[in-house]
Amino acid sequence: MRARVRDLLHSDGARAHARAMGWARSVRVSKGVVFVAINDGSCLDSLQVVVPADQPAFEIARRLTTGASLVAEGALVASPGQQQQWELHATEIKTIGEADSSYPLQNKRHSLEFLRSIAHLRPRTNTFGAVFRVRNALSYAIHRFFQERNFQWIHTPIISGCDCEGAGEMFRVTTLDIEELVGKCRPGEVDCSKDFFGRRTGLTVSGQLEAELLALALSDVYTFGPTFRAENSNTSRHVAEFWMVEPEIAFADLADDISLAEDFLRSVTLEVMNRCEDDLAFFAKRVEKRVPERLRLLTESSYEVMTYREAVAALQRSGESFEYPVHFGADLQAEHERYLTEKLTAGPLFVTDYPKNIKAFYMRLNDDDETVAATDLLVPQVGEIIGGSQREERLDVLEARIAEQGLERDDYWWYLDVRRYGTVPHAGFGLGFDRLLMYITGLQNIRDVIPFPRTPGHADF
RNA sequence: UCCGGCUUAGCUCAGUCGGUAGAGCAGGUGGCUGUUAACCACCCUGUCGCAAGUUCGAGUCUUGCAGCCGGAGCCA
């Protein structure tokens, strides 16, 4: 029976016998004693294994190297050292798998860029172990939040009809023989009726439209799964495959949506803070000093709400010189969002009621006929983390908006049908899961919060 | 996709005015009675991203290409 390093480090008392398994993080050899720090990923800290020279295990321990996997057995006793409560006095040590000096993770600081190139090994570092534990805790917290409020977790399709989404470039899904078609067909000439699904299909860019259908039956639902964008985006905040959380609530308006989003962010952050104290302390110390402040902003501060019109006015009187001028009708640029969240409110900010021309067709038209009931939640450093809206539930208005945006009405027959039969006001939002993780951990590149990130030109591992 | 920067030892980096490459860590050897990414001493380590050009001479200057990073756009 093996004990997790985490359990041993949190032991209530000494143990006459304990067995630990893990990977050697460091091996410190002196004449009379060897110290091996072993980590099994169950927590940030490593277990100190002590082997005095009079033990038969001393020879094996002395030859261990950084990165080797091993099993150590002995007594768990109070440590005289300052940095840990318990340590394992090993009477027996076995090397499971050796790691020679070419093992890339030596006892030194490595750059995040270098670690990205060895994504198969970086989970064995402190930083990435912590990231992936927090990622797990956040996922669990999200499910718990919704489950406790009687939301139904729904599974929207990953393969989706191409025509209906429009949130971004899609990856094509096909069983047609591309080699054969290349050179034979000009663009637009491919006969999709011969394809597997008998139509153009791609990987989903959002489960929202389908989530609405289920919300208009089950009332409160959410999706939590992968999403794909084939955009050629090369930034620290974009990847081709990422995870989104998309709640959708019936009998609800934009105010309900905003209040759900705020409640949600507060709750999940608080749960991660409770479950991942050590990992978050590590991020605060080694990655981003402002992590505690960021967490406080999400859990304690009030979330400001401001209309787009007010935000534009605030930007205009700010006296800042922006690269892109601000005027009603223009989308807020990254520099504008940064000013709003980092200088004006210094915290999370919902911007609401955007001009209809810069937002999607399904967002509910306001009475002013000029803006829609949409909201973006902006946070310092990371920018947009949530995008949501009240959905247009009025059949005639929705049809007019589809026409206005030059979309094909027939493609949305099912989406329109639920407005035709028993329509109700409803709303929802999409949360960028990986971006929230960036905000919580303080890591500045989305590629460092995803185990094996996919970006243009990169699908290794 | 556009703009900018970077590319030197296994890793992190320095390299002056163009004069023939250096430090820390890792590795090796030895030392050290309990260490904390241990410490001390010694030793080893190079296609200076690739290709061409200028020059008596290029890590250094020029051009092209590639890769990476940052920013912008798109968005979550």
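Basis for what follows: all heavy atoms, side chains included, without hydrogens, waters or symmetry-related copies. Because the structure is predicted, anything quoted here is derived from the model rather than measured.
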Q: Paired with U54(B): which nucleotide, if any, by Watson-Crick or G-U wobble criteria at under 3.5 Å for both distances?
A: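 U54(B) is unpaired by these criteria.
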Q: Partner lookup for C6(B), please. Criteria are Watson-Crick or G-U wobble with both distances under 3.5 angstrom; report none if nothing qualifies.
A: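 Paired with C6(B), as far as the under-3.5 Å criterion goes, is G67(B).
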Q: Under 4.0 angstrom, heavy atoms only, what part of the nucleic acid is E335(A) near: base, sugar-phosphate, or nothing?
A: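 Nothing, no heavy atom under 4.0 Å.
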Q: If pairing requires Watson-Crick or G-U wobble contacts with both distances under 3.5 Å, which nucleotide is the partner of C48(B)?
A: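 With both distances under 3.5 Å required, C48(B) matches none.
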Q: Suppose we call two aromatic rings close when their centres sit under 6.0 Å apart. Are F146(A) and F224(A) close by that rule?
A: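 So the answer is no for these two rings.
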Q: Among the nucleotides G34(B), U36(B), C74(B), which one has an atom lying closest to any side-chain atom of V33(A)?
A: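 So the side chain of V33(A) is nearest to G34(B).
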Q: Which part of the nucleic acid does A53(A) contact within heavy-atom distance under 4.0 Å: base, sugar-phosphate only, or nothing?
A: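 Nothing, no nucleic acid heavy atom in range.
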Q: Would you kindly check whether a donor in the side chain of H238(A) faces an acceptor in the base of C75(B), or vice versa, at under 3.5 angstrom?
A: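 Under the 3.5 Å cut-off, the side chain and the base do form a donor-acceptor pair.
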Q: Which nucleotide in the list A72(B), A38(B), C69(B) gets nearest to the side chain of R447(A)?
A: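 Nearest nucleotide to the side chain: C69(B).
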Q: Between U33(B), G70(B), C68(B), spot the one nearest the side chain of K31(A), thanks.
A: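 That would be U33(B).
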Q: State whether the distance check finds a donor on one side and an acceptor on the other, under 3.5 Å, for side chain S233(A) versus base C75(B).
A: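 For S233(A), whose side chain was compared with the base of C75(B), there is no donor-acceptor pair (under 3.5 Å).
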Q: Between R28(A) and U35(B), is there a contact of a side-chain N or O with OP1 or OP2 at under 4.0 Å?
A: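 Checking R28(A) against U35(B): no side-chain N or O falls below 4.0 Å of OP1 or OP2.
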Q: Mind checking who U16(B) pairs with, Watson-Crick or G-U wobble, both distances under 3.5 Å?
A: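 The base-pairing partner of U16(B), which may sit in any strand shown, does not exist here.
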Q: Which of parallel (below 30°), tilted (30 to 60°) and perpendicular (above 60°) describes Y415(A) and Y412(A)?
A: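 It falls in the perpendicular class, over 60°.
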Q: Regarding R229(A) and T227(A), is there a side-chain donor-to-acceptor distance under 3.5 Å anywhere?
A: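 Distance-only check fails for R229(A) and T227(A).
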Q: Would you call D40(A) and R6(A) a salt bridge, using N to O less than 4.0 angstrom?
A: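 Looking at D40(A) and R6(A), the cut-off is not met.
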Q: In this structure, how many angstroms lie between the P atom of C32(B) and the CZ atom of R62(A), rounded?
A: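 Going from R62(A) (CZ) to C32(B) (P), I get 13 Å.
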Q: Under 4.0 Å: is that the gap between some side-chain N or O of N107(A) and OP1 or OP2 of A38(B)?
A: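 Yes, because at least one side-chain N or O of N107(A) sits under 4.0 Å from OP1 or OP2 of A38(B).
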Q: Counting side-chain heavy atoms from CB outward, which of U35(B), A37(B), G34(B) is closest to S30(A)?
A: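 Taking heavy atoms from C-beta onward, the closest nucleotide is G34(B).
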Q: For T371(A) and N366(A), does a side-chain donor sit closer than 3.5 Å to a side-chain acceptor?
A: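 The criterion, which ignores hydrogens and geometry beyond distance, is satisfied for N366(A) and T371(A).
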Q: For nucleotides A41(B) and A26(B), find the distance between their P atoms and express it as a whole number of Å.
A: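 Here A41(B) and A26(B) have their P atoms 13 Å from each other.
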Q: May I ask you to verify if any side-chain N or O of R237(A) is less than 4.0 angstrom from the OP1 or OP2 atom of A72(B)?
A: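 So the side-chain polar atoms of R237(A) do come within 4.0 Å of the phosphate oxygens OP1 or OP2 of A72(B), strictly under.
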Q: Is a side-chain donor-acceptor pair under 3.5 Å present for Q444(A) with S236(A)?
A: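 No, Q444(A) and S236(A) have no side-chain donor paired with an acceptor closer than 3.5 Å.
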Q: Would you say H458(A) reaches C68(B)'s phosphate, i.e. side-chain N/O to OP1/OP2 under 4.0 Å?
A: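 The answer is yes; a side-chain N or O of H458(A) sits under 4.0 Å from OP1 or OP2.
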Q: Could you check whether the side chain of Q83(A) and the base of U35(B) have a donor-acceptor pair of N or O atoms closer than 3.5 Å, going by distance alone?
A: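 By the distance-only test, no, there is no pair.
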Q: So, is S101(A) close to the G28(B) phosphate, meaning a side-chain N or O under 4.0 Å from OP1 or OP2?
A: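 Checking S101(A) against G28(B): no side-chain N or O falls below 4.0 Å of OP1 or OP2.
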Q: Whole Å only: how far is the CD atom of E241(A) from the P atom of A76(B)?
A: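 After rounding, the gap between these two atoms is 17 Å.
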Q: For Y324(A) and C3(B), give me the distance from atom OH to atom P, rounded to whole Å.
A: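 So the two atoms are 13 Å apart, to the nearest Å.
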Q: For Q82(A), report the nucleic acid contact type (base, sugar-phosphate, nothing); a contact means any heavy atom under 4.0 Å.
A: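 If one applies the 4.0 Å heavy-atom cut-off, Q82(A) turns out to touch a base.
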Q: Need the pair for U36(B). Rule: Watson-Crick or G-U wobble, both distances under 3.5 Å, any strand; none if unpaired.
A: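 Per the H-bond distance test, none.
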Q: Classify the nucleic acid contact of L105(A) as base, sugar-phosphate or nothing, counting any heavy atom under 4.0 Å across all strands shown.
A: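 No contact at all - L105(A) keeps every heavy atom at 4.0 Å or more from the nucleic acid.
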Q: How long is the line joining CG of N234(A) and P of U1(B), in whole Å?
A: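 Result: 8 Å.
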Q: Over all strands shown, is R338(A) touching base, sugar-phosphate only, or nothing at heavy-atom distances under 4.0 angstrom?
A: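 R338(A): backbone/sugar contact only, no base atoms under 4.0 Å.
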Q: Rounding to an integer number of Å, can you tell me how far I118(A) CD1 sits from U12(B) C1'?
A: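 My rounded result for the distance is 14 Å.
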Q: Taking the nucleotide of RNA chain B with the nearest heavy atom to each, does Y103(A) or H110(A) sit closer to the 5' end?
A: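 Upstream on the strand: H110(A).
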Q: When you check the side-chain N and O atoms of T455(A) and H458(A), is any donor under 3.5 Å from an acceptor?
A: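 No, H458(A) and T455(A) have no side-chain donor paired with an acceptor closer than 3.5 Å.
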Q: Quick one: label G32(A) by what it contacts on the DNA or RNA (base, sugar-phosphate, nothing), any heavy atom closer than 4.0 Å.
A: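 G32(A): no heavy atom of the nucleic acid under 4.0 Å.
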Q: Suppose you measure atom P in G24(B) against the same atom in U60(B); what distance do you get, rounded to whole Å?
A: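 So the two P atoms sit 25 Å from each other.
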Q: Could you measure between the two C1' atoms, the one in U63(B) and the one in U55(B), and give it in whole Å?
A: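 Rounded to whole Å, the distance is 16 Å.
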Q: OP1, OP2 of G71(B) versus side-chain N and O of S236(A): anything below 4.0 Å?
A: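 S236(A) to G71(B) OP1/OP2: side-chain N or O found under 4.0 Å.
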Q: Assign H89(A) to base, sugar-phosphate, or nothing according to its heavy-atom contacts below 4.0 angstrom with the strands shown.
A: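 Answer is base: heavy atoms of H89(A) come under 4.0 Å of a base.
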Q: How far does the C1' atom of G71(B) sit from the matching atom of U12(B), given to the nearest Å?
A: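 About 24 Å, rounded to a whole number of Å.
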Q: Looking only at the side chain of Q48(A) (C-beta and beyond, no hydrogens), which of the listed nucleotides C74(B), U35(B), C69(B) gets closest?
A: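 Of the options given, the side chain of Q48(A) lies nearest U35(B).
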Q: Over all strands shown, is L436(A) touching base, sugar-phosphate only, or nothing at heavy-atom distances under 4.0 angstrom?
A: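 No contact.
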Q: Measure the distance from CG on L377(A) to C1' on C75(B) and round it to the nearest whole Å.
A: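 Whole-Å distance recorded here is 15 Å.
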Q: Let's test your reading of the model: under 3.5 Å, does the base of G34(B) pair with the side chain of E87(A) as donor and acceptor?
A: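 Answer yes: a donor N or O sits under 3.5 Å from an acceptor.
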Q: Expressed as a whole number of Å, how far does the P atom of G19(B) sit from that of G59(B)?
A: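 Between the two P atoms, the distance is 10 Å.
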Q: Would you confirm whether the ring centroid of F145(A) sits within less than 6.0 angstrom of the ring centroid of F151(A)?
A: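 That pair fails the under 6.0 Å test.
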Q: When you compare C65(B) with U7(B), how far apart are their C1' atoms, in angstrom units rounded to a whole number?
A: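 Result for the C1' pair: 14 Å, nearest Å.
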Q: With the stacking rule set at 5.5 Å and 30°, tell me whether F242(A) counts as stacking on A76(B).
A: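 Answer is yes, a stack.
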Q: Which nucleotide in the list A37(B), C75(B), A38(B) gets nearest to the side chain of R286(A)?
A: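 Selected nucleotide (nearest to the side chain): A37(B).
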Q: May I ask you to say whether R401(A) pairs ionically with E392(A), meaning some side-chain N is under 4.0 Å from a carboxylate O?
A: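 E392(A) and R401(A): not salt-bridged.
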Q: When the distance from CZ of F114(A) to P of A26(B) is rounded to whole Å, what number comes out?
A: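 Those two atoms, CZ and P, are 15 Å apart.
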Q: So what does V29(A) touch, heavy atoms closer than 4.0 Å: a base, only the sugar-phosphate, or nothing?
A: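 Counting heavy atoms under 4.0 Å across all strands, the contact made by V29(A) includes a base.
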Q: What do you reckon, are the aromatic ring centroids of H336(A) and Y324(A) less than 6.0 Å apart?
A: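 That pair fails the under 6.0 Å test.
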Q: What integer distance in Å separates L44(A):CG from U36(B):C1'?
A: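 Rounded to the whole Å, the gap is 14 Å.
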Q: Distance check, P atoms only: G31(B) and C50(B), in whole angstrom units.
A: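 Going atom to atom, P in each nucleotide, I get 42 Å.
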Q: How far does the C1' atom of U20(B) sit from the matching atom of G57(B), given to the nearest Å?
A: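 It comes out at 9 Å once rounded to the nearest Å.
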Q: Is there a donor and acceptor pair, one atom on the side chain of R116(A) and one on the base of C69(B), closer than 3.5 Å?
A: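 No, no donor-acceptor pair under 3.5 Å.
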Q: With a 3.5 Å limit on both atom pairs, tell me what C42(B) is paired to, counting Watson-Crick and G-U wobble, or say none.
A: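 Pairing partner, where one exists within any strand: G28(B).
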